[in-house]
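See structure below.
Since this is a predicted model, take the numbers as computed values, not measurements. Per chain, numbering begins at 1; letters A, B, ... match sequence-line order.
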Amino acid sequence: AEDTGVRVELAEEDDGRKASIALKLWVEDSRKLKGKYKDSGAIEFTFDIEREVPEGVAQEMVESGFFHESDAKIVGKSIRDRVALIKWRRERTVSSA
Amino acid sequence: NTATQVVTSAGRRFIVSPVPESRLKEQ
């Protein structure tokens, strides 16, 4: 995935079954963000990979004051990339089983 | 541990905790 400066990782091991997964997001390189970034640490949240949209979570982070509006896109993309990887891994596990 | 919780108007919970130094890129 592209280096967006925002890192998203699984906050717990993926059992491959739950639609709701725990993710952890933090800023690795604030120079890649357009807006002013307040260093608030790692943000942990649950995400439903079947029903939720990464950009929606990014928007909620903006509304909560974690990121500037101009960075909603980059945050959404970072979550989207990680979710795509998790889905890909799950599909691969299913097809190899 | 200094984790804090933020609940959004949509009901989502964000748990904020410090990032370990080792996980940060050198700036």
| With sequence neighbours excluded, residues passing ring pair (Phe, Tyr, Trp, His ring centres under 6.0 Å) with F66(A) |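 Scan of F66(A) (ring pair (Phe, Tyr, Trp, His ring centres under 6.0 Å), adjacent residues dropped) gives F14(B).
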| query | So, for T8(B) and S64(A), which heavy atoms are closest and what is the spacing to 0.1 Å? | reply |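 Scanning both residues, the minimum pair turns out to be CG2-OG, 3.3 Å.
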| said: So which atom in G41(A) and which in V19(B) form the shortest heavy-atom distance, rounded to 0.1 Å? | reply: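 Minimum heavy-atom contact is C-CG2, 3.6 Å.
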| Ion pair check, R13(B) and E60(A), cut-off under 4.0 Å |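 Not counted as a salt bridge, because no side-chain N and carboxylate O are separated by less than 4.0 Å.
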Are [Y] and [X] co-members of a hydrophobic cluster defined by side-chain heavy atoms under 4.5 Å apart?
X	Y	answer
L85(A)	L23(A)	no
V53(A)	M61(A)	no
I74(A)	F67(A)	yes

| field | Under 4.5 Å from a heavy atom of chain A, the part of V16(B) involved | value |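 Both backbone and side chain.
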| Residue part contacting chain B, namely of Q59(A), when any heavy atom lies under 4.5 Å |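 Contact with chain B: none, neither part.
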| Just wondering, more than 12 heavy atoms not from Q5(B) lying within 6.0 Å of its CD? |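 Yes.
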| message | Checking E63(A) against R12(B) for the salt bridge (charged side-chain N to carboxylate O under 4.0 Å, His left out) test, could you report, in this order, the C-alpha distance in whole Å, the side-chain angles of both residues, the deciding distance, and whether it holds? | response | CA-CA 12 Å; E63(A) 281 160 22; R12(B) 182 186 300 279; over 6 Å; no
